[in-house]
Amino acid sequence: MSPYLLVVLLFSGLIGYSAQVTGLCLVRGVSDWSRGQRLRLLAILSSGFWVYFYFPLAHLDLATLHLAGYGFHWAFLIGGAIFGVGAALNGACSVSTATRLSSGDISMLFTIAGWLLGWLLFDYIGVHLSYRVQDFDKTWLAWVATAGLITACAAVYWRNQQLWPLWSGITLVGVLAGAVFLYQPAWSPSDFVRDLGLAIVKRDAAILPGLDRVGILIFMLLGMALGAWRHRRFRWVWPDVRSVGKHLGSGVLMGLGSTLALGGNDFQLLLALPAVSPAAFLATLGMLLGIRLGLILIERQQTADALPTLSSKEI
């Protein structure tokens with residue numbers, strides 16, 4: 001085992017721990033924003049740009065960075081919105097589905113199964129879309145963005161130190177994710193589940209994730225579980241029939257949406273947005289709007305369930 005892989009595995013564990021402790025979740029970020037608490041969502045949206053921190057390594061030929069994006073296409077907005085609605089109904093996005101599973105919430109297994117069903121359903125329908133690749137070649141942006149992120153960190157620290165642990169924790173995820181990306185671009189949990197499922201269904205060993213990706217996922221889940229145990233968040237949650245249907249259906253929406261958008265929120269935020277991909281901005285906008293719509297639907301349903309019902313005699 002190479003020393004680099006050992007470092008990557010350590011970073012993966014730290015990513016999992018930080019994601020668990022900070023509550024790294026796009027659904028939670030949108031929910032906070034609707035209540036006037038904007039820092040979490042801003043930290044999440046900017047976290048992927050920390051990959052620019054490693055651009056000097058690429059210039060020194062010490063690492064290779066391949067950030068590729070896509071041009072505008074309606075499918076990214078629609079796919080992002082479908083994914084967002086599914087994530088809101090699920091109560092967790094891609095990464096936070098893994099954190100909740102690592103906290104003992106077994107219902108997240110049905111969400112993951114739904115992801116796979118959504119991807120396979122899209123493949124079965126046979127929709128073929130043409131996407132225009134747009135290469136990333138804006139080296140000046142890396143320096144400007146890195147300076148801006150460092151300035152933002154300083155501003156948060158000096159203006160509101162109570163929120164510094166939240167900002168710094170999410171920032172740490174972005175910094176470490178950039179390092180893991182240098183080693184394995186397809187490191188995210190959703191990419192792993194997709195490739196594993198497709199490899200099994202299509203019986204194609206070439207798609208099967210390698211041992212390095214298995215190790216990255218295991219260490220990330222262990223980090224998440226350690227964070228849940230350390231902060232007393234770990235508890236077994238066994239789903240009933242209703243929650244099985246909800247999470248399975250939510251996962252299908254997330255799978256369909258991420259297929260249309262060529263990636264879930266982890267891909268869009270950590271890889272596509274830093275590539276300044278027009279498609280990523282559309283997909284992320286769709287996800288934010290879809291999550292907000294899903295949260296509104298949940299709030300209305302909860303309000304309707306809380307209303308008193310009249311008996312037939314009272315009517």
Side-chain angles (χ1 to χ4, degrees), residues 1 4-28 44 47-48 87 90-117 119 169-170 172-200 207-239 243-244 247-248 250-251 254-255 258 263-267 269-271:
M1 182 180 295
Y4 193 6
L5 178 57
L6 288 175
V7 173
V8 167
L9 294 178
L10 174 61
F11 282 4
S12 300
L14 291 173
I15 289 173
Y17 184 89
S18 299
Q20 179 69 263
V21 172
T22 60
L24 180 63
C25 177
L26 195 60
V27 176
R28 187 171 176 181
I44 292 173
S47 60
N90 181 56
C93 59
S94 299
V95 174
S96 50
T97 293
T99 59
R100 286 181 57 177
L101 177 61
S102 301
S103 302
D105 190 346
I106 304 302
S107 59
M108 292 299 105
L109 288 175
F110 295 95
T111 300
I112 295 173
W115 292 352
L116 180 57
L117 288 176
W119 294 322
I170 295 176
L172 179 62
V173 172
V175 173
L176 296 176
V180 176
F181 170 73
L182 295 179
Y183 181 85
Q184 175 53 258
W187 64 270
S188 68
S190 60
D191 282 343
F192 183 93
V193 174
R194 179 195 61 207
D195 291 346
L196 178 62
L198 293 177
I200 294 174
I207 310 176
L208 199 66
L211 291 178
D212 58 340
R213 293 175 65 185
V214 174
I216 289 171
L217 180 64
I218 290 175
F219 272 75
M220 190 178 302
L221 293 175
L222 288 175
M224 291 174 175
L226 177 61
W229 174 80
R230 175 69 176 77
H231 292 268
R232 300 181 179 179
R233 298 175 183 173
F234 189 92
R235 58 182 57 86
W236 293 111
V237 178
W238 301 96
S243 63
V244 166
H247 290 291
L248 189 63
S250 301
M254 294 171 72
S258 61
N265 69 299
D266 48 4
F267 172 81
L269 295 173
L270 297 174
L271 299 179

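Values in this document were obtained by computation on a predicted structure and should not be read as measured data. Just the heavy atoms: all of them, side chains too, but no hydrogens, waters or symmetry mates, feed the values below.
Looking at heavy atoms from C-beta onward, Val193 lies out of side-chain contact with Pro189 at the 4.5 angstrom threshold. Put simply, the side chain of Leu116 does not reach to within 4.5 Å of the side chain of Arg194, judged on heavy atoms. In this structure, Phe181 and Leu271 have side chains that are in contact, with non-hydrogen atoms separated by less than 4.5 Å. A 4.5 Å side-chain heavy-atom check between Phe11 and Ile216 finds every atom pair outside the cut-off. Looking at Leu208 and Asp195, their side chains never come closer than 4.5 Å, going by heavy atoms from C-beta outward. Side-chain contact between Phe110 and Pro239 is present, with heavy atoms from C-beta onward closer than 4.5 Å.
Judged by distance alone, the side chains of Ser103 and Asp105 never bring a donor and an acceptor atom under 3.5 Å apart.
Shown here for Thr97 and Met108, the closest heavy-atom pair between the two residues is O-CG, 3.5 Å. Across all their heavy atoms, Ala19 and Val173 have their closest contact at N-CG2, 4.0 Å. Heavy-atom minimum distance, Arg28 versus Gly23: NH1-CA, 3.7 Å. The nearest pair of heavy atoms linking Cys93 to Val27 is N-CG2, 4.1 Å. Across all their heavy atoms, Asp266 and Ser188 have their closest contact at OD2-CB, 3.3 Å. In plain terms, the two heavy atoms of Phe267 and Gly263 that are nearest each other are CD2-CA, 3.8 Å.
Remark: side-chain polar atoms of Arg100 are not paired, donor with acceptor, to backbone N or O of Ser107 under 3.5 angstrom. Using a distance-only test at 3.5 Å, with no hydrogens or angles considered, no donor-acceptor pair links the side chain of Gln20 to the main chain of Gly227. In this structure, the side chain of Arg213 engages the main chain of Asp191 through a donor-acceptor pair within 3.5 Å. Within the 3.5 Å criterion, the main-chain N or O of Ile15 finds no donor-acceptor partner in the side chain of Ser18. The main-chain N or O of Leu5 is never found under 3.5 Å from a side-chain atom of Asp212 such that the two would form a donor-acceptor pair.
Taking the six-membered ring where the residue is Trp, Trp119 and Trp115 present tilted rings, their angle falling between 30° and 60°. The aromatic rings of His231 and Tyr17 sit tilted relative to each other, their planes meeting at an angle between 30° and 60°.
Rounded to the nearest 0.5 angstrom, Ser47 OG and Leu24 CG are separated by 6.5 Å. To the nearest 0.5 Å, atom CD1 of residue Ile44 and atom SG of residue Cys25 are 7.0 Å apart.
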